[in-house]
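To start, the structure itself, in C-alpha cells.
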Amino acid sequence: MNIKITKNINEANLVTHTGPFHPDDVFSTAFLSRLVENPILIRTTNAQDAQPNAIVYDIGFGKFDHHGTDARYRTAPYEKIKYCSFGLLWEEYGLNYLKKLYNEDINHEQLYKNIEEKLILQIDAIDNGYFPKIESEYHLTDLDK
C-alpha cells in the first residue's frame, strides 16, 4: 500500500481531517488505498475545496462523514451506534471489494457480514463513544488509545 501524502488539495483523491487519527480514519485510509488507483491523501480542514472526484471521509458532513446532525445509525439490535467513516465506506464499497478480491466460489455476502460484525461494528461503536467493558487479568489495549 503506497499512499502519497500531499499538501495540494487539487491533486488529492482522498481527503480527511487533520489532527489525531483514530482507528476509523486509519482503517478508512488503508481500505481506500486498496480501492483507489494511485491514492493521494490530504489531511485538511477545508474539505469543501476537494476535487469533485475525491473521496472525502470523516470530514465535511458528506456521504462518508458521521459528525453531522443527519448521521446514520445502525439498525436493531445496534440502533444506538452511529456509522463511522469506515462503516460508511465499507457499506458502500465492501461487498464489491470482496468480490474482486475473492473471485472463487465463496459466499461473499456472508464474508462481508462477518467482517462487518467482527471488526467494523466495533470500530463504529468505539469511534462514537461506546467502549466495551472488559474485565481481564491482562492489560488490554483499545485500538482507539
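Computed over heavy atoms, backbone and side chain alike; hydrogens, waters and symmetry mates excluded.
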With a cutoff of under 4.5 Å between side-chain heavy atoms, which Ile, Leu, Val, Met, Phe, Trp and Tyr residues group with Ile40? none

Excluding sequence neighbours, so at least two apart, what forms side-chain hydrogen bond (donor to acceptor under 3.5 Å, both in side chains) with [X]?
X      : answer
Asn13  : none
Gln122 : none
Thr45  : none

Can [Y] be reached from [X] by stepping across I, L, V, M, F, W or Y side chains whose heavy atoms are under 4.5 Å apart?
X     : Y     : answer
Ile5  : Phe27 : yes
Leu35 : Tyr83 : yes
Ile42 : Ile3  : no

Can you run down the salt bridge (Lys or Arg N to Asp or Glu O under 4.0 Å) pairs that involve residues 48-71, sequence neighbours left out, and say none if there aren't any? Lys63-Glu92

A side-chain contact here means heavy atoms from C-beta on lying under 4.5 Å apart; do [X] and [Y] qualify?
X      : Y      : value
Val15  : Thr44  : yes
Lys4   : Glu11  : yes
Lys113 : Lys118 : no

Geometric class of the Phe31/Trp90 ring pair [parallel <30°, tilted 30-60°, perpendicular >60°]: tilted

Side-chain donor/acceptor pairs under 3.5 Å, residues 50-57, sequence neighbours excluded:
from  : atom 1 : to    : atom 2 : distance (Å)
Gln51 : NE2    : Asn10 : OD1    : 2.7
Tyr57 : OH     : Thr29 : OG1    : 2.6

Can you measure from [atom1] ([X]) to [atom2] ([Y]) and round to the nearest 0.5 angstrom?
X      : Y      : atom1 : atom2 : result
Leu121 : Ile115 : CG    : CD1   : 13.5 Å
His22  : Phe86  : NE2   : CZ    : 16.0 Å
Leu14  : Leu32  : CG    : CG    : 5.5 Å
Ile59  : Asn46  : CD1   : CG    : 7.5 Å

Glu91: salt bridge (charged side-chain N to carboxylate O under 4.0 Å, His left out) partners, not counting sequence neighbours: Arg72

Taking only residues two or more places apart in sequence or in another chain, which ones pass salt bridge (charged side-chain N to carboxylate O under 4.0 Å, His left out) with Arg43? none

Ion pair Asp124/Lys82, N-O distance below 4.0 Å: no

With a 3.5 Å cut-off and sequence neighbours excluded, list the donor-acceptor pairs that the side chains of residues 99-107 form with protein atoms.
from   : atom 1 : to     : atom 2 : distance (Å)
Asn107 : OD1    : Glu109 : N      : 3.2
Asn107 : OD1    : Gln110 : N      : 2.9

Show the nearest heavy-atom pair for residues [X] and [Y], with the distance to one decimal.
X      : Y      : result
Pro39  : Asn2   : CG-O, 3.4 Å
Asp25  : Pro20  : OD2-O, 4.0 Å
Tyr130 : Ile81  : CD1-CG1, 4.3 Å
Cys84  : Ile123 : SG-CG2, 4.0 Å
Gly87  : Ile120 : CA-CG2, 3.5 Å

Does one side chain, of Asp127 or His66, offer a donor that lies under 3.5 Å from an acceptor on the other? yes

Please list, chain by chain and in numerical order, all residues satisfying ring-ring contact (aromatic ring centres under 6.0 Å, His included) with [X], sequence neighbours excluded.
X     : answer
Tyr73 : none
Phe64 : Tyr93
His17 : Phe21

Quick check with a 6.0 Å cut-off and a 45 degree axis cone: is Arg34 positioned over the face of Tyr97's six-membered ring? no

